[in-house]
Trainee: 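Can you keep this structure in mind? I'll have questions shortly.
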Amino acid sequence: MASVAPKMSWFKITLIRSGIGMTERQNGVLKALGLRHRMKTVYHPVSPDTAGMIMKVKELLAVSEVDKPLTQAETHAKRQPPKGYYIEKQGVVRDIGGL
C-alpha cells in the first residue's frame, strides 16, 4: 500500500512597512526572513520557528498561507496585464434630430 505524502504549506510573507525605527532585534528578524526592501515577497515553509519570527514583526508584514511557492518568473507573469485590448462598453449613438 503506497502512502501519500502530505502536502506542504508555505507562508507567503510580504514586507509592507519599513523596519526603520524598529529595534535592532526586530530588524534582525526581518533580515533572517530575507526581507530587506518594502514590497519584497518571500516564501517559507509553515513551521513553528517561522511562525514565531512572523509574530515578532507582525505589524510590518502581510502573511498568507499558500500551497506552493511561486518563482520570480511566475510572479512576474501573474502581474502582467493581458495582451491586446478589449472594449469594455460600447457607446450608443443617438440621433438628436434637427440640431
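The analysis underlying the following values was restricted to heavy atoms, covering all of them including side chains, and did not include hydrogens, waters or symmetry mates.
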Trainee: I'd like to know if K68 and E74 make a salt bridge, using a cut-off of under 4.0 Å between side-chain N and carboxylate O.
Mentor: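 Here K68 pairs with E74 in a salt bridge, since their nearest N and O are under 4.0 Å apart.
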Trainee: Output yes when a side-chain donor or acceptor of R38 lies under 3.5 Å from a complementary backbone atom of I16, and no otherwise.
Mentor: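 Yes, the answer is positive, given that a donor and an acceptor are paired below the 3.5 Å cut-off.
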Trainee: Under 4.5 Å between side-chain heavy atoms, hopping through other hydrophobics if needed: is there a path connecting L70 to M39?
Mentor: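 Shared cluster, no.
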Trainee: Please check if any side-chain donor atom of Q72 sits under 3.5 Å from a side-chain acceptor atom of H76, or the reverse.
Mentor: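 There is no such pair between these side chains.
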Trainee: According to a 4.5 Å side-chain heavy-atom criterion applied to Ile, Leu, Val, Met, Phe, Trp and Tyr, with indirect links allowed, do W10 and L15 form part of one hydrophobic cluster?
Mentor: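 In one cluster with W10: L15, no.
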Trainee: Check P45 against F11 and note the closest heavy-atom contact, atom names and distance.
Mentor: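 Nearest heavy atoms, P45 then F11: O-CD1, 4.1 Å.
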Trainee: Does V42 belong to the same Ile/Leu/Val/Met/Phe/Trp/Tyr cluster as M22, with side-chain heavy atoms less than 4.5 Å apart forming each link?
Mentor: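 As far as the 4.5 Å side-chain criterion goes, M22 and V42 are connected within one cluster.
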Trainee: Tell me the closest heavy-atom pair linking G34 and K40, and the distance in Å.
Mentor: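 For G34 versus K40, the nearest heavy atoms are O-CE, 3.9 Å.
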Trainee: With a 4.5 Å heavy-atom cut-off, do V29 and I54 have their side chains touching?
Mentor: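 Sidechains of I54 and V29: no contact.
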Trainee: Between Q26 and K56, what is the shortest heavy-atom contact and its length?
Mentor: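 Residues Q26 and K56, closest heavy atoms: NE2-O, 3.6 Å.
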Trainee: Does the H44 side chain pair with the main chain of I13, one donor and one acceptor, at a distance under 3.5 Å?
Mentor: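 Between the backbone of I13 and the side chain of H44 there is no qualifying donor-acceptor contact (under 3.5 Å).
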Trainee: Write down the atom of V57, the atom of L61, and the distance for their closest heavy-atom approach.
Mentor: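 Reported closest heavy-atom pair: O-CG, 3.5 Å.
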Trainee: CG/L35 to OG1/T41 distance, rounded to the nearest 0.5 angstrom?
Mentor: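 It is 8.0 Å, given to the nearest 0.5 Å.
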Trainee: Has the side chain of T50 got a donor or acceptor atom that lies under 3.5 Å from a matching backbone atom of V46?
Mentor: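 Checked: no pair found.
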